[in-house]
**Q** 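Submitted below is the structure of interest, expressed as structure tokens.
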Amino acid sequence: MASITTNASIASFGGRFLKLTHQSSVTGGPMNFTLFLPAGISESEPAPLLIYLSGLTCSPDNVTEKGFLHAHAAPLKLALLYPDTSPRGSNHPGEHDGWDFGSAASFYIDATQEPWAQNYKMETYITKELPELVFSHFKQLDSKRVSIAGHSMGGHGALTLFLKNPGKYQSVSAWSPVSNPSACPWGEKAFTGYLGGDREQWKKHDATELVKHWKGHLNALIDVGTADNFYKQRQLLPENFAEAAKSADIEGLQLRYQDGYDHSYFFISTFGEDHIKHHAKHLGLL
Ligand SMILES: N[C@@H](CCC(=O)N[C@@H](CS)C(=O)NCC(=O)O)C(=O)O
């Protein structure tokens, strides 16, 4: 079995919060991730798992220090897995030059363009290698009940991985997601760099395109703050996602505009309970 190094084990809301590292064969280097294990779970009573994907510039630490999600997950016995936002330390030319491309800005896709194609394979990492590793080590987790959430670039990751893998995740939620990356500056930069200039290829990784082909109920909750500068700058475009879902007669999208909220963890933490409960309902905990 592949090994995991425990860097820290911290008491949190009655459970344990673990800071972990493993050697990834998919991204070809060490990867950090963190895991919240609520109290009172066991192999005979395993907990479902919510995967939380972070946004640009983040490590798994930002949300765990400022999101307060464990307060709501602990009493429901919901576990949380926080992957990193990109491979680290490969030192490709330009990897650390901008905050919206390269390091901490993988966009959760498998890159096809060199040099990124060598190791920026975060879609495979998040959907296969990391959950397989976690479920093989932590038998108190239920591999059959998994949902996915995220913030900003991580909201794009959550929506697209949910839509690309019908049945893999029971529900999806996002705070201020990049919802139509082919049509916003962040997405155009990332997709050009990782996928090349062919916009047809981009559609496979764009939630607004993917939702048009969805079959069934969406089980999606999205919150966007009206005072979010990235929303105002049209980086997020949740309205395009909602319009595409509506045109395709897709049911099950709850998109809420939260008056006066920005892009920060004051916003994420304020609506954390709603997101945790949304997933708990679909994971059979409520
Ligand atoms: N570095 C960007 C901000 C990027 C940003 O807001 N990142 C969000 C995710 S998209 C975040 O969570 N940042 C880390 C933090 O606020 O702790 C800027 O200066 O405008």
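Residues take their numbers from the sequence shown, with the count starting at 1. Atoms within a ligand are numbered from 1 in the order they appear, just like the ligands themselves.
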**Q** Applying the 4.5 Å side-chain criterion to the ILVMFWY set and letting contacts propagate, would Met31 and Phe107 be lumped into a single cluster?
**A**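 Yes, because Met31 and Phe107 connect within a single hydrophobic cluster, where side-chain heavy atoms sit under 4.5 Å apart.
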**Q** For atom 13 (N) of ligand 1, what is the nearest protein heavy atom, given as residue, atom name and distance?
**A**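 Result: Thr57 OG1, 3.4 Å.
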**Q** Can you tell me which residue and heavy atom of the protein come closest to atom 16 (O) of ligand 1, and the distance to 0.1 Å?
**A**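 Residue, atom and distance for the closest contact: Tyr265 CE1, 3.4 Å.
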**Q** Would you check if the side chain of Thr85 reaches a backbone N or O of Cys58 as a donor-acceptor pair within less than 3.5 Å?
**A**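 Pair found, side chain donor or acceptor close to backbone of Cys58.
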**Q** In the protein, what heavy atom is nearest to atom 3 (C) of ligand 1, and what distance, to one decimal place, separates them?
**A**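 Answer, as residue, atom name and distance: Phe230 CZ, 4.1 Å.
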**Q** If you count the atoms of ligand 1 from 1 in the order shown, which ones are under 4.0 Å from a heavy atom of Gly55?
**A**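 The list of qualifying atoms is 9 (C).
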**Q** Considering non-hydrogen atoms of the protein only, which is the closest contact for atom 18 (C) of ligand 1, and what is the distance?
**A**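 I find the closest protein heavy atom is Trp99 CZ2, 4.0 Å.
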**Q** Quick one: does Cys58 get a heavy atom under 4.0 Å from ligand 1?
**A**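 Cys58: in contact with ligand 1 (<4.0 Å).
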**Q** Look at ligand 1 and say whether Met153 reaches it with a heavy atom at a distance under 4.0 Å.
**A**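 Distance cut 4.0 Å: Met153 fails for ligand 1.
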**Q** Closest non-hydrogen protein atom to atom 9 (C) of ligand 1, residue and atom name please, with distance?
**A**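 Ranked first by proximity to atom 9 (C) of ligand 1 is Leu56 O, 3.4 Å.
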**Q** Should Leu163 and Leu161 be regarded as members of a common hydrophobic cluster, given that ILVMFWY residues are connected when their side-chain heavy atoms come within less than 4.5 Å of each other, either directly or indirectly?
**A**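 Cluster IDs for Leu163 and Leu161 match.
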**Q** Linking I/L/V/M/F/W/Y whenever their side-chain heavy atoms sit closer than 4.5 Å, directly or via other members, would Val172 and Ile222 fall into one cluster?
**A**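 Looking at the clustering, Ile222 is in the same group as Val172.
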**Q** Would you call Glu132 and Lys128 a salt bridge, taking side-chain N to carboxylate O under 4.0 Å as the test?
**A**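 Result for this pair is no, no salt bridge flagged.
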**Q** Which protein non-hydrogen atom lies closest to atom 10 (S) of ligand 1, naming both residue and atom, and how far is it?
**A**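 Ranking protein heavy atoms by distance from atom 10 (S) of ligand 1, first comes Ser152 OG, 3.1 Å.
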**Q** Test ring pair (Phe, Tyr, Trp, His ring centres under 6.0 Å) on His278 and His282; report intermediate values, then the result.
**A** CA-CA 7 Å; His278 166 74; His282 290 288; 5.0 Å; yes
**Q** With a cut-off of 4.0 Å, which atoms of ligand 1 are near a heavy atom of Lys66?
**A**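 Once the distances to Lys66 are compared, the set is 15 (C), 16 (O), 17 (O).
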**Q** Return the residue, atom name and 0.1 Å-rounded distance of the protein heavy atom closest to atom 14 (C) of ligand 1.
**A**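 Answer, as residue, atom name and distance: Asn62 ND2, 3.3 Å.
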**Q** Near His263, which atoms of ligand 1 are under 4.0 Å from a heavy atom of that residue?
**A**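 Ligand 1 atoms under the 4.0 Å threshold to His263: 6 (O), 10 (S).
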**Q** Between Thr112 and Gln201, does any side-chain donor sit less than 3.5 Å from a side-chain acceptor?
**A**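 There is no such pair (donor and acceptor under 3.5 Å, judged by atom type) between the side chains of Thr112 and Gln201.
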**Q** Does this structure show an ion pair linking Glu123 with Lys164, if we count only N-O contacts that are shorter than 4.0 Å?
**A**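 Salt bridge present between Glu123 and Lys164.
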